2 protein chains.
Amino acid sequence: MATAARRGRPRAEGTDDRILGAACDLLLARGYDGYSIDEVAQRAGVAKTTLYRRWPTKDHLIVAVVARIQDEVPVRDTGDIRRDLTAYLEAVAAGLTRMSRVGRPAGPDDRSAGLVAEIVAAAARRPDVGRAVRAVFARRNALPLALLESAQARGDLGPGARPDVIFDQLAGALYYRLLVTGEPVGGDYPARLVDQVLAGARAPGPEGKPS
Amino acid sequence: MATAARRGRPRAEGTDDRILGAACDLLLARGYDGYSIDEVAQRAGVAKTTLYRRWPTKDHLIVAVVARIQDEVPVRDTGDIRRDLTAYLEAVAAGLTRMSRVGRPAGPDDRSAGLVAEIVAAAARRPDVGRAVRAVFARRNALPLALLESAQARGDLGPGARPDVIFDQLAGALYYRLLVTGEPVGGDYPARLVDQVLAGARAPGPEGKPS
DNA sequence: ACCCTTTCGATACCGGCGTTGCGTAATTCA
DNA sequence: TGAATTACGCAACGCCGGTATCGAAAGGGT
């Protein structure tokens, strides 16, 4: 088991949870700004050194918080790849826009991506944080990727189509809008995106009906 | 004109350039870590207050630097949309991976996106930085978008295809890999991506030849 | 000439991140 | 029981981002 009775004084039970909970509360309450290590430690009733013994930097702690509050996006495989993908993307978009509003006054010009942008930047700064972030996303993307592979095995996708590239197109378009251009991803954007990814952009030749 | 002889003491000529140059040098030399406002001011031979009078935060200055060193990605419109898009994406991928190595020891596990991730996070933190970043990308994306619209006007794209969504698929997939999953975007990935975006992922029906 | 406005440099300051050192508590091993 | 080991809290520190204050300099308006 993980409780492999080590040598010295054992860590106080529930300390990790209290710290993560305090950090999560503070992030949700005041956003990335106004989220300080000192206050997290104070709220958790813990010395700052204790906190740093578990997560070496603020970035590590944030990634741990995000990995914890990451909501499971439901994936259904009904056999209708278009419908399943659309439903999945809509759920992801809803979750992302919700998380992007975290701790923000939600002004009319606010289209930021909040925590997601932070953990992406943290991943770019430190290699080990990068590994942790990639693990979070790998776990998160496993089900939709399996959905695509199942569709291909069923013959609903072209034999030359690569599920991972398809997923890049879908998720990439969503994240690109959220993180870079700041355009909205709601409304019928997921449906349009799925349609276009599945159907392709090239004009049909003389034979072969469109759509 | 921009030189609208204002009232008080004029700003020393070339100060902006010296600051931006020093910031750029420092970023290129030591990366985002080891890049401090104090040292930029010192290198530029300028007081810190002078620097803050021009760019209110470190993030603003970084965005200004990126906007300045942003290399123009060449876009050719030869009429072959597939070839032009592939060439464009390859150039973008090369530029991004180059910029992502900025100031880093380039270890084997380093797949980060460096400055791009930083400005994305900065854009998420402050609305005005977000506007500046979006302006940078809008300027950067204008030519390839025009390329897509020209192809559609020529009839090379389906009439229902939306150029902006196509661009989301292409650029999004690239940035998603760079920023989130950290997978490489070199090799034949741009070509594969363009092919799949243009052709679509759905299996062809009984009639209609593949590709 | 004289004021007004704006820039510039210098210094001090605050708060947050991350580190260090030290004394102490809890637990295992001999 | 005693030694080694690990966790914990406390206090202090250095570094950096950002702000405030002050005095001096460099221009324009009259």
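Convention: sequence-line order gives letters A, B, ...; per-chain numbering from 1. Values in this document were obtained by computation on a predicted structure and should not be read as measured data. FYI, side chains are in, hydrogens and waters are out, and symmetry mates aren't considered; it's all heavy atoms of this structure.
- In this model, the phosphate group of C:dC8 is approached by a side-chain N or O of B:Arg54 to a distance below 4.0 Å at OP1 or OP2.
- Distance, B:Arg43 CZ to D:dC16 P: 13 Å, rounded to whole Å.
- Along DNA chain C, the nucleotide nearest to A:Glu39 and the one nearest to A:Thr49 differ in position, and the one closer to the 5' end is contacted by A:Glu39.
- Closest of all the heavy-atom pairs between B:Arg140 and B:Tyr175 is NE-OH, 4.0 Å.
- Rounded to an integer number of Å, the gap from NZ of B:Lys48 to P of D:dC15 is 13 Å.
- Figure legend: cation-pi geometry between B:Arg30 and B:Tyr35 absent, as NZ or CZ is not positioned both under 6.0 Å from the six-membered ring centre and within 45° of its axis.
- Heavy atoms of A:Gly45 sit under 4.0 angstrom from primed sugar atoms or phosphate atoms, though from no base atom.
- The OH-C1' distance, from B:Tyr52 to C:dT7, rounds to 18 Å in whole Å.
- Applying the 3.5 Å distance criterion, the base of C:dG16 shares no donor-acceptor pair with the side chain of A:Ser36.
- Regarding contacts with the backbone of D:dA7, every side-chain N or O of A:Arg53 stays at 4.0 angstrom or more from both OP1 and OP2.
- Between the side chains of B:Ser150 and B:Arg154, at least one donor N or O lies within less than 3.5 Å of an accepting N or O.
- At most 12 non-hydrogen atoms from other residues, nucleotides or ligands lie less than 6.0 angstrom from CZ of A:Arg139.
- For the pair A:Arg18 CZ and D:dC8 C1', the interatomic distance rounds to 12 Å; values are reported in whole Å.
- Residue-to-nucleotide contacts include no donor-acceptor pair under 3.5 Å from the side chain of A:Thr50 to the base of D:dG9.
- For the pair A:Lys58 and A:Tyr32, the cation sits on the ring face: its NZ or CZ lies under 6.0 Å from the ring centre, inside 45° of the axis.
- In this entry the distance linking CG of B:Leu26 with P of D:dG17 reads 10 Å, nearest Å.
- Between the P atom of D:dT19 and the CH2 atom of B:Trp55 lies a distance of 16 Å, rounded to the nearest Å.
- Across A:Ile69 and A:Cys24, no two heavy atoms sit closer than the pair CG2-SG, 3.4 Å.
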Nucleotide N/O of nucleotides 26-30 of chain C paired with protein N/O under 3.5 Å:
{"unit_1": "C:dT28", "atom_1": "O4'", "unit_2": "A:Arg7", "atom_2": "O", "d": "2.8"}

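- Salt-bridge annotation for A:Asp80 and A:Arg82: absent, with no side-chain N of the basic residue lying under 4.0 Å from a carboxylate O of the acidic one.
- Interface remark: the B:Lys58 side chain does not form any donor-acceptor pair with the D:dG18 base, using a distance-only criterion of under 3.5 Å.
- If you measure from atom CD of B:Glu13 to atom P of D:dG27, you get 11 Å, rounded to the nearest angstrom.
- Put simply, CG on A:Asp38 is 14 Å from C1' on D:dG9, counting in whole angstrom units.
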